[in-house]
Amino acid sequence: MNQDVAALLPELSLAAAAVLGLLAGSWLPRRRQWLIAVLAAAACAVGLVATGTAMARGTEQGVFAEVFAVDTATGAGRLTVLGALLLVIGLSVETVRGHPRESEYWVLLLLTGAGTLALVGANDLLMLFAAYLLSSLPAYALAGFAKDPRGTEAALKYYLLGALLGTTMLAGTALLYGGGRGTLYRELREALPGAPFAVVALGLVGVLAGLLFKAGGVPAHFWVPDVAQGAPAPVAAYVTTLPKVGALIAGYRLLHQALPGSDVDWPLLLAVLAAATMTLGNLAAFFQTDVRRLLAYSAVSQVGYLLMALAVATRSDLAQRGLLFYLAAYAATNLGAFAVVTELPRARTLEGYRGLAGRHPGLAAVLVVCLLGLVGTPPTGVFLGKLEIFSAAVDGGYTWLAVLAVANTVASLFYYLRWLGPVFARTGPAPAGTQAALGRWAAGTAYTAAAVSLALGLAAGAVLPFATGPLLP
């Protein structure tokens, strides 16, 4: 059994930093709690260096009885999660500075980040469920971190739906174990084709229910707008971005590695879920006036596009690189938009951004890049990500789904322009105080995220090879 602990250095760095942060936070004076944020950022940096080194070697391996896979998808997912986590840390600084539970915030963020990394590499059903729990439980606490009525309600909805679908996921895991006589994906790939159809179908639906909850896809999306509106802005940015990376890569690996020979028509199921998710997300976003709820429904629609890659996981060679690249581009772009929202905490509605271009032209430029980037406008990274996934859908035999996705993309332009319209309006000032900036950290994060979104689009030729490579056999 391979017990190479060094192969898990990115995950271990976050876990170790969480433990050290919890201990140090108990002894540090309140004015020194910011040191835990430095520790969190250092852990992310260590993980990025370790990931880059592992990807440079280019070898696939399964560690600890192959329950965790270290391969191309794991490497790309680690880079996305750790890079996005650094951005979340940056936009959280001013929000939690001086808070009585500042150190606890950073510890919770590190723990849920470690759970997300565990989802990325999970190669076993039990590992998958353990990662689901580790990534979810700290996030519930973060959602209610402010302890105000709106945040408490959001955290309660988040927890109840997560507990329900987590139980469903565990039941699905038990069914797949019963049908496949094992939990390792390699064992399931060999045994599930001969298992009873109903057992495999129900088990897969149960496991997918939990992953759809993490990703925010239909029909497990109901928590997304409430948490995005009620949680602190940096937490809203986190929960609408990073869990998607872990859940969608985990789902892709499960379908690609464990169920390629199954009689269950899971590609059609995923195609229908993708169509429903992108359409419902866009329709619900059309007439939102709260900027956080608008971004929340935008996040739901983006899951629909990403689920297209899962639908053709075994049908197109473009699916994997399209999914991995799109996730990286989406993470940077969505976090950039949320960084602007964090920088302007009193501008809760679209009207609160009226005249922003005149008062804060830099933030207005970031908003233009990120909102048009979420549409899929060149030269942002999301444009190429969508192009790759739409091409994969056509290559995999789901042309109708690609056509529907293009129609949804065009329709989404409406509600993003509804936000950008007031930004460049010259008449009617914004409500007093709505455009008071929070501080330089959130603004710096916004500029960095927008730059990354553009860089991924402009340098896609150099980035895409890192998303191309085999999964662990």
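Among Leu318, Val312, Val245, Leu306, the single residue meeting the side-chain contact (heavy atoms from CB on, under 4.5 Å) criterion with Leu323 is Leu306. In summary, of the residues considered (Ile89, Leu91, Thr116), a side-chain contact (heavy atoms from CB on, under 4.5 Å) with Tyr238 occurs for Thr116 alone.
Taking the six-membered ring for Trp and the full ring otherwise, the centers of Phe213 and His221 sit at least 6.0 Å from each other.
For the atom pair Thr240 OG1 and Leu335 CG, the distance stands at 7.0 Å (nearest 0.5 Å). In this structure, CD in Gln320 is found 12.5 Å from OG1 in Thr314, a value given to the nearest 0.5 Å. Note: Thr80 OG1 to Ile249 CD1 = 6.5 Å, rounded to the nearest 0.5 Å. Separating the OG1 atom in Thr289 from the CZ atom in Arg348 is a distance of 11.0 Å, to the nearest 0.5 Å. One finds the CG atom of Leu108 at 4.5 Å from the CG atom of Leu142 (value rounded to the nearest 0.5 Å). Atom OG1 of Thr112 is separated from atom CG of Leu242 by 8.0 Å, given to the nearest 0.5 angstrom.
Of all heavy-atom pairs between Ala143 and Pro232, the closest is O-CD, 3.9 Å. Between Gly304 and Ala274, the shortest heavy-atom contact is O-CB, 3.3 Å. When all heavy atoms are compared, the tightest approach of Ala442 to Glu343 is CB-OE1, 3.3 Å. What you find for Leu350 and Gln288 is that their closest heavy atoms are CD1-O, 3.7 Å. In plain terms, the two heavy atoms of Leu404 and Thr279 that are nearest each other are CD2-OG1, 4.1 Å. Heavy-atom minimum distance, Leu119 versus Ala247: CD1-N, 4.2 Å.
Under a 3.5 Å cut-off, the side chain of Ser453 and the backbone N or O of Thr380 do not form any donor-acceptor pair. The main-chain N or O of Leu472 is never found under 3.5 Å from a side-chain atom of Arg253 such that the two would form a donor-acceptor pair. Under a 3.5 Å cut-off, the side chain of Ser316 and the backbone N or O of Gly396 do not form any donor-acceptor pair. Here the side chain of Lys386 pairs a donor or acceptor atom with the backbone of Val375 at under 3.5 angstrom. Here the side chain of Ser391 pairs a donor or acceptor atom with the backbone of Leu387 at under 3.5 angstrom.
Here the side chains of Leu456 and Phe325 are in contact, with some heavy-atom distance below 4.5 Å. For the pair Tyr398 and Leu268, the minimum side-chain heavy-atom distance is below 4.5 Å. The shortest distance between side-chain heavy atoms of Glu11 and Arg78 falls below 4.5 Å. The closest side-chain heavy-atom distance from Leu344 to Leu356 is below 4.5 Å. The closest side-chain heavy-atom distance from Thr468 to Thr72 is not below 4.5 Å. With a 4.5 Å cut-off on side-chain heavy atoms, Leu401 and Val394 do not count as touching. Looking at Tyr158 and Ser136, their side chains never come closer than 4.5 Å, going by heavy atoms from C-beta outward. At least one side-chain heavy atom of Trp106 sits less than 4.5 Å from a side-chain heavy atom of Val96.
Within a 6.0 Å radius of CG in Asp148, more than 12 heavy atoms belonging to other residues, nucleotides or ligands are found. The number of heavy-atom neighbours closer than 6.0 Å to OH of Tyr415, taken from other residues, nucleotides and ligands shown, is above 12. Crowding of Trp266 atom CH2: a count of heavy atoms from other residues, nucleotides or ligands under 6.0 Å exceeding 12. Counting non-hydrogen atoms of other residues, nucleotides and ligands closer than 6.0 Å to CZ of Phe466 gives a total of 12 or fewer.
Using cut-offs of 30° and 60° on the angle between ring planes, the pair Phe129 and Tyr132 is parallel. Between Phe145 and His99, the ring planes are tilted. Angles from 30° to 60° get that label.
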- Pair Arg354-Glu351, salt bridge (charged side-chain N to carboxylate O under 4.0 Å, His left out): steps then yes or no: CA-CA 5 Å; Arg354 181 169 293 276; Glu351 280 301 307; 2.8 Å; yes

- Message: Quick one, Leu211 with Leu128, criterion side chain to side chain contact (heavy atoms under 4.5 Å, CB included). Give me CA distance, side-chain angles, the key distance, then yes/no.
- Response: CA-CA 10 Å; Leu211 294 177; Leu128 180 67; 4.1 Å; yes

- Message: As a quick check of understanding, evaluate side chain to side chain contact (heavy atoms under 4.5 Å, CB included) for Phe383 and Thr377, giving each step before the final call.
- Response: CA-CA 5 Å; Phe383 164 73; Thr377 307; 6.0 Å; no

- Query: Please walk me through it: do Leu367 and Tyr353 pass side chain to side chain contact (heavy atoms under 4.5 Å, CB included)?
  - Reply: CA-CA 10 Å; Leu367 209 53; Tyr353 286 78; 4.1 Å; yes

- Query: When you look at Asp226 and Arg293, which way does the salt bridge (charged side-chain N to carboxylate O under 4.0 Å, His left out) test go after all the steps?
  - Reply: CA-CA 8 Å; Asp226 292 317; Arg293 291 187 74 88; 3.4 Å; yes

- Under the side chain to side chain contact (heavy atoms under 4.5 Å, CB included) criterion, do Gln257 and Leu471 qualify, and how do the steps go? CA-CA 8 Å; Gln257 298 297 89; Leu471 299 182; 3.9 Å; yes

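Between Glu94 and Arg97 there is no salt bridge, since no side-chain N of the basic residue sits under 4.0 Å from a carboxylate O of the acidic one.
Asn334 and Thr241 form a side-chain donor-acceptor contact under 3.5 Å, judged by distance and modelled atom types alone. Remark: the Asn408 side chain and the Ser301 side chain contain no N/O donor-acceptor pair separated by less than 3.5 Å. Side-chain N/O atoms of Tyr326 and Gln302 include a donor and acceptor closer than 3.5 Å.
For the pair Lys244 and Tyr330, the cation-pi test (distance below 6.0 Å, angle within 45°) is failed.
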